[in-house]
Amino acid sequence: MIPAKTPKELMAFVEREKVEIVDFRFMDFPGLWQHFSIPARELSEKTFEEGLGFDGSSIRGWQAINESDMLVIPVLESAFLDPFTQHKTLVLICNIHDPVTHEAYTKDPRNIARKAEAYLKSSGIGTTAYFGPEAEFFVFDDIRFDQTVNAGYYYIDSMEGRWNSGREENPNLGYKPRYKEGYFPVPPTDSLQDLRSEMTLILESIGVPIEAQHHEVATGGQCEIDMRFDSLVTMADKLLKYKYAIKNTARKYNKTVTFMPKPLFGDNGSGMHVHVSIWKDDKNLFAGNGYAGLSETALYAIGGILKHAPAILAFTNPTTNSYKRLVPGFEAPVNLAYSSRNRSAAIRIPMYSDSPKAKRIEFRCPDPSCNPYLAFSAILMAAIDGIQNKIDPGQPLDKNIYDLPPEEAAQVPQTPGSLREALKALEEDHDFLLKGDVFTEDVIETWISYKMQNEVLAVETRPHPWEFALYYDI
């Protein structure tokens with residue numbers, strides 16, 4: 001990272017390193033990084049106080065046209081050099097402010113995450129919440145899709161795809177991972193080792209420490225690169241850098257990356273298991289002598305997450321495609337229960353280490369299509385609510401869910417079956433998010449309205465290709 005503790009020091013770095021362009025980045029409401037750039041000579045120390053103006057009405061889910069002016073205020077400690085641009089570019093992650101009141105903008109996802117961190121401290125429960133997301137993704141060689149009045153299709157291709165085992169490739173060398181058997185094979189079956197290694201080294205160069213990288217279960221190029229945990233806002237920043245670096249590294253090699261949860265039918269989808277712990281200064285509040293080495297505080301946090309999970313999923317699994325992955329009977333963790341080792345449970349307690357510092361919970365429902373600022377904030381607010389109200393998580397689910405008698409299995413609650421259901425749950429259960437003014441009613445209403453109009457209804461009102469196979473000859 002760039003060794004600059006003051007705007008003056010950063011200005012000196014820009015001059016010393018002959019930086020040509022300064023890029024300002026911020027997160028839109030649904031969850032995509034946005035940016036604009038200025039020549040380096042236009043950057044000044046005042047920029048870090050006064051910010052720069054832009055049109056907020058052009059950002060999805062934000063301002064109306066009659067109140068469009070907004071400000072980006074760059075965050076000094078977020079600075080890094082972009083490893084992909086032709087001209088030397090300094091990147092600054094920004095907060096969004098109102099130009100009239102100069103207050104932080106309520107719909108800025110990063111501001112919501114900052115307020116969640118502040119609320120944790122003000123609650124007296126803890127000082128820091130640590131998050132460690134495991135974001136999976138697919139590397140494809142070709143993707144085509146379209147939707148018109150009279151046609152709709154998608155076509156995905158990958159040299160690793162098992163569906164290409166019989167294709168003429170002059171020559172076809174085989175070594176294509178079998179369906180659901182792509183976990184940990186060595187090269188040549190794992191053809192993406194060098195690409196992931198380059199992604200890993202680039203991520204480390206821009207301040208994102210990596211713990212491991214490997215091929216994932218699905219055929220067709222599913223991968224995972226694991227980041228080291230960090231505090232809520234910083235980790236959300238890193239997840240955006242993660243997506244940016246992975247997509248652009250793949251593009252260098254004429255490949256394309258998607259974080260879409262379920263791009264392939266009949267094989268594993270991409271999840272984003274999120275590891276969570278709450279600390280008070282240097283003490284891990286989740287470590288104790290209870291079940292699986294957890295404290296009472298941790299069990300209450302689990303109780304809060306499980307209670308509010310249907311509403312949380314509106315943020316952690318925020319796409320219609322998310323619920324193609326969360327399907328009962330498959331690999332996805334749809335059971336709203338907890339366990340020390342059962343991976344079909346929504347919350348797992350990792351048992352890799354007995355160290356109190358390593359004790360954490362793993363929320364397995366989320367996927368990488370989420371806006372991390374909102375997703376992490378919603379998880380934390382549910383955990384805090386569980387701790388404050390001493391919500392009992394019930395008994396752990398240590399049995400194989402698939403071996404349970406039907407009457408016993410029916411007693412285990414499950415995740416919503418669609419984005420529509422998750423949004424309905426959020427509409428009915430969001431008071432826990434409003435505490436400390438972390439989320440506001442306006443944010444909740446806008447999120448539900450945006451998702452319903454632009455995604456749920458947009459998908460529900462279009463004919464699906466499989467419907468023609470089912471119904472055309474009726």
Side-chain angles (χ1 to χ4, degrees), residues 1-5 7 10 22-37 47-48 51-52 59 71-85 89-97 104-105 107-121 127-135 137 199-200 202-211 225-249 259 272 274-277 315-316 318 366 368-380 438:
M1 297 297 287
I2 294 170
K5 296 181 179 180
L10 186 62
V22 179
D23 197 51
F24 299 92
R25 297 191 187 172
F26 59 94
M27 184 63 119
D28 72 3
F29 200 51
L32 284 179
W33 234 3
Q34 308 292 321
H35 81 130
F36 67 91
S37 305
T47 306
F48 294 88
L52 295 171
I59 305 302
L71 292 175
V72 293
I73 307 291
V75 178
L76 177 69
E77 57 270 23
S78 72
F80 67 96
L81 290 174
D82 194 316
F84 301 104
T85 51
T89 300
L90 178 78
V91 178
L92 289 164
I93 298 173
C94 302
N95 295 320
I96 308 302
H97 286 247
Y105 182 44
K107 292 183 188 176
D108 173 17
R110 195 172 192 274
N111 177 44
I112 292 169
R114 289 161 61 208
K115 289 192 290 183
E117 285 191 321
Y119 178 66
L120 173 64
K121 293 178 181 178
T127 52
T128 309
Y130 287 110
F131 286 79
E134 300 175 352
F137 56 93
M199 292 170 174
T200 294
I202 287 174
L203 283 164
E204 294 239 321
S205 76
I206 59 174
V208 183
I210 300 300
E211 294 185 335
I225 299 176
D226 294 329
M227 296 174 280
R228 185 176 299 161
F229 68 90
D230 213 324
S231 56
L232 192 158
V233 174
T234 303
M235 192 71 249
D237 288 344
K238 286 181 177 179
L239 186 53
L240 301 188
K241 293 161 76 172
Y242 176 92
K243 287 187 172 184
Y244 179 76
I246 286 173
K247 288 178 180 178
N248 281 282
T249 306
F259 290 91
M272 189 181 76
V274 179
H275 296 253
V276 185
S277 62
F315 293 110
T316 61
S369 68
C370 70
N371 181 327
Y373 298 113
L374 301 182
F376 297 166
S377 297
I379 294 169
L380 177 59
V438 175

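Just the heavy atoms: all of them, side chains too, but no hydrogens, waters or symmetry mates, feed the values below.
When the ring-ring contact (aromatic ring centres under 6.0 Å, His included) test is applied to F229, the partners found at least two apart in sequence or on another chain are Y130. By the side-chain hydrogen bond (donor to acceptor under 3.5 Å, both in side chains) test, D28 pairs with Q34, R60, sequence neighbours left out. Residues satisfying the side-chain hydrogen bond (donor to acceptor under 3.5 Å, both in side chains) criterion with Y373, sequence neighbours excluded, are D237. For S37, the side-chain hydrogen bond (donor to acceptor under 3.5 Å, both in side chains) partners are D23, not counting sequence neighbours. Under the side-chain contact (heavy atoms from CB on, under 4.5 Å) criterion, K243 pairs with F259, not counting sequence neighbours. Here H97 pairs with nothing under the side-chain hydrogen bond (donor to acceptor under 3.5 Å, both in side chains) rule; sequence neighbours left out.
The backbone N or O of I206 lies less than 3.5 Å from a partner atom in the side chain of K241, making a donor-acceptor pair. In this structure a side-chain-to-backbone donor-acceptor pair under 3.5 Å is missing from D108 to N95.
With values rounded to the nearest 0.5 angstrom, L239 atom CG is found 12.0 Å from D230 atom CG. Note that CD1 of I2 is 9.0 Å distant from OG of S78, once rounded to the nearest 0.5 Å. Rounding to the nearest 0.5 Å places CZ of F80 at 9.0 Å from CG of L92. Here the OH atom belonging to Y244 is positioned 10.5 Å from the CD1 atom belonging to I202, to the nearest 0.5 angstrom. With rounding to the nearest 0.5 Å, the separation of CG in L10 from NZ in K5 is 14.0 Å. Taking CD from E117 and OG from S231, the interatomic distance works out to 5.0 Å, rounded to the nearest 0.5 Å.
Counting heavy atoms from C-beta outward, L81 and L90 have side chains that approach closer than 4.5 Å. Taking the side chain as every heavy atom from C-beta outward, K238 and P209 approach each other to under 4.5 Å. The closest side-chain heavy-atom distance from D82 to R25 is below 4.5 Å. The closest side-chain heavy-atom distance from F29 to I59 is not below 4.5 Å. Contact annotation: the side chain of I112 never approaches that of F315 to less than 4.5 Å [non-hydrogen atoms, C-beta and beyond]. Counting only heavy atoms from C-beta outward, the side chains of P133 and M235 approach each other to under 4.5 Å. Using a 4.5 Å heavy-atom threshold, the side chains of I96 and L71 count as separate. Looking only at side-chain heavy atoms (C-beta outward), I210 and I225 come within less than 4.5 Å of each other.
Of all heavy-atom pairs between T47 and P74, the closest is O-CD, 3.5 Å. Taking every heavy atom of both residues into account, N371 and G31 meet most closely at ND2-CA, 3.7 Å. Nearest heavy atom pair, residue F84 against residue A245, reads CZ-O, 3.5 Å. Residues P366 and I379 approach most closely at CG-CD1, 4.5 Å, considering heavy atoms. When all heavy atoms are compared, the tightest approach of T127 to K121 is O-CE, 3.2 Å. Considering all non-hydrogen atoms of both residues, P372 and L240 come closest at CG-CD2, 3.9 Å.
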Worked check of side chain to side chain contact (heavy atoms under 4.5 Å, CB included) between V274 and F376: CA-CA 9 Å; V274 179; F376 297 166; 4.1 Å; yes

task: Please lay out, stage by stage, how Y242 and F137 fare under the test side chain to side chain contact (heavy atoms under 4.5 Å, CB included).
output: CA-CA 11 Å; Y242 176 92; F137 56 93; 3.6 Å; yes

